[in-house]
Amino acid sequence: MHILILGGTTEARALAGLLHGGVRVTSSLAGRVASPRLPSGEVRIGGFGGVAGLVEWIGGHAVDAVIDATHPFAERISFNAARAAATAHVPLLALRRPGWVPQQGDDWRSVASLEEAARALDGLGDRVFLTTGRMGLAAFADRPQWFLVRSVDAPEPPMPPRTEILLDRGPFTLDGERELLDRHRIDVLVTKDSGGTATAPKLTAAREAGVPVVVVRRPPVPEGVPVAATPEEAAAWALRVRRAPQV
């Protein structure tokens, strides 16, 4: 059996580790990070060239099932995966870590997009901790606030004119996030609802400091695609697919 895992997330790597040795596993990474953490099993890096390219790869490499373990905001590849799996007649599962839930004391502003997040900054403060990744900075390019931008790799223009870049990779600690907010005198945090624990300490630090948080809601999983919340659930699904009688 050959499982194609889409994504280089923490969950994707954990899933590859669970499946490796029992079935053939190929993990497909987008290639947007210069030095990605490689999972167990076979690895390919780069895009497929859209739905048609993914269908061709599935057929050419005898893929029996696809697990979409991409970042919750990788909307395009998720919808391409849904169309490609349907066309190639292979089962598809989405592995999505649960989203964050506000707790008592949080001051969250929920928005639908980065553009809406940029508009929501008016009146919240002048010093912004922006943790939405390096690909969406153009949405904030005309904002007058000062931004601390944290990302794994260095971003490219367009970006806000008053920007300090912090290159770092999670997981992050609560003490570290507390110190960062204090040292940079952060007034407001902007983040995507990525979920998980690796970057969640910033939310606790913001709650403790009374810093408002602008949270970009995640896009929905394509209609009709089943969802697993953990790598263990996804591995169990793959085992059921393996045991299912072939039609």
Side-chain angles (χ1 to χ4, degrees), residues 7-17 29 32-39 69-74 95-111 114 117-118 120-121 123-137 139-140 143 145-155 159-160 162-218 229-232:
T9 59
T10 301
E11 292 78 16
R13 292 193 302 273
L15 175 60
L29 312 184
R32 292 175 179 166
V33 176
S35 300
R37 295 171 177 168
L38 298 181
T70 56
H71 191 277
F73 283 83
L95 172 55
R96 291 290 184 272
R97 68 188 79 146
W100 291 318
V101 178
Q103 300 182 27
Q104 184 175 359
D106 282 326
D107 180 9
W108 287 14
R109 321 294 170 91
S110 178
V111 298
L114 291 176
L121 293 176
L124 291 181
D126 185 58
R127 299 182 67 82
V128 183
F129 183 24
L130 186 59
T131 65
T132 56
R134 65 188 178 94
M135 304 302 291
L137 297 186
F140 302 87
R143 304 305 300 174
Q145 291 89 352
W146 177 89
F147 288 84
L148 176 65
V149 174
R150 183 166 68 189
S151 63
V152 175
D153 293 319
M159 66 179 70
R162 301 169 60 204
T163 297
E164 179 176 333
I165 305 299
L166 175 61
L167 299 182
D168 204 354
R169 186 200 304 259
F172 301 105
T173 66
L174 179 55
D175 285 343
E177 299 294 61
R178 287 167 174 158
E179 191 275 334
L180 186 148
L181 294 185
D182 181 66
R183 172 162 46 95
H184 292 280
R185 307 189 312 278
I186 297 299
D187 298 316
V188 56
L189 167 66
V190 180
T191 187
K192 293 177 177 178
D193 180 17
S194 301
T197 60
T199 62
K202 63 189 173 188
L203 301 173
T204 302
R207 182 189 317 123
E208 293 176 348
V211 170
V213 182
V214 179
V215 181
V216 182
R217 297 188 295 272
R218 58 174 63 179
T230 67
E232 291 75 15

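These figures come from a predicted structure and were not determined experimentally.
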Closest non-hydrogen atoms of Pro231 and Leu95, given as atom of the first, atom of the second and distance, are N-CD1, 3.9 Å

Could you state the interatomic distance from CG (Asp193) to OG1 (Thr132), rounded to the nearest 0.5 Å? 13.0 Å

Nearest 0.5 Å please: distance from the CG atom of Leu180 over to the CZ atom of Arg185. 12.5 Å

Less than 4.5 Å apart, side chain to side chain, heavy atoms only: is that true for Phe147 and Ile165? no

With Phe129, which residues qualify under ring pair (Phe, Tyr, Trp, His ring centres under 6.0 Å), at least two apart? none

Do Arg96 and Thr70 make a side-chain contact, defined as non-hydrogen atoms from C-beta onward lying under 4.5 Å apart? yes

Less than 4.5 Å apart, any side-chain heavy atom of Pro212 and any of Arg109? yes

Can you list the steps and then say if Thr163 with Leu130 is a side chain to side chain contact (heavy atoms under 4.5 Å, CB included)? CA-CA 10 Å; Thr163 297; Leu130 186 59; over 6 Å; no

On a heavy-atom basis, the closest approach of Arg218 and Gly99 is NH2-CA, 3.5 Å

Between His71 and Phe73, is there a donor-acceptor pair closer than 3.5 Å when you use the side chain of the first and the backbone of the second? yes

Taking all heavy atoms of Pro98 and all of Ala229, pick out the closest pair and write down the distance. CD-O, 3.8 Å

Side chain of Arg13, backbone of Gly8: donor and acceptor closer than 3.5 Å? yes

Check step by step if side chain to side chain contact (heavy atoms under 4.5 Å, CB included) holds for Arg143 and Val128. CA-CA 11 Å; Arg143 304 305 300 174; Val128 183; over 6 Å; no

Is there a side-chain contact between Phe140 and Val149 in this structure, where contact means two heavy atoms from C-beta onward sitting under 4.5 Å apart? no

State, with a plain yes or no, whether a side-chain heavy atom of Trp100 is found less than 4.5 Å away from one of Ser194. yes

Less than 4.5 Å apart, side chain to side chain, heavy atoms only: is that true for Leu148 and Glu164? yes

Answer yes or no: is there a donor N or O on one side and an acceptor on the other, between the side chain of Arg150 and the main chain of Leu166, under 3.5 Å? no

Hey, does the side chain of Asp182 reach the backbone of Glu179 with a donor-acceptor pair shorter than 3.5 angstrom? no

Closest heavy-atom pair, Ala139 versus Ala118, reported as atoms and distance to 0.1 Å, is O-CB, 3.4 Å

Spatial distance of atom CD (Glu208) from atom CG (Leu181) [nearest 0.5 Å]: 9.5 Å

Sequence neighbours left out, cut at 3.5 Å: what donor-acceptor pairs do the side chains of residues 195-205 make with other protein atoms?
{"from": "Lys202", "atom 1": "NZ", "to": "Thr131", "atom 2": "OG1", "distance (Å)": "2.8"}
{"from": "Lys202", "atom 1": "NZ", "to": "Thr191", "atom 2": "OG1", "distance (Å)": "2.9"}

Side chains of residues 167-174: which donor-acceptor pairs under 3.5 Å do they make with residues two or more places apart or in other chains?
{"from": "Arg169", "atom 1": "NH2", "to": "Ser35", "atom 2": "O", "distance (Å)": "3.1"}
{"from": "Thr173", "atom 1": "OG1", "to": "Gly176", "atom 2": "N", "distance (Å)": "3.0"}

Backbone of Arg127 reached by a side-chain donor or acceptor of Asp187 within 3.5 Å: yes

Minimum heavy-atom distance between Leu137 and Pro155, given as atom pair plus value: CD1-CB, 3.4 Å

Does the pair Trp108 and Leu189 meet the rule for a side chain to side chain contact (heavy atoms under 4.5 Å, CB included), with working shown? CA-CA 9 Å; Trp108 287 14; Leu189 167 66; over 6 Å; no

Answer yes or no: is there a side-chain heavy-atom contact under 4.5 Å between Leu38 and Leu29? yes

Side chains of Asp106 and Val213 in contact at under 4.5 Å (non-hydrogen atoms): no

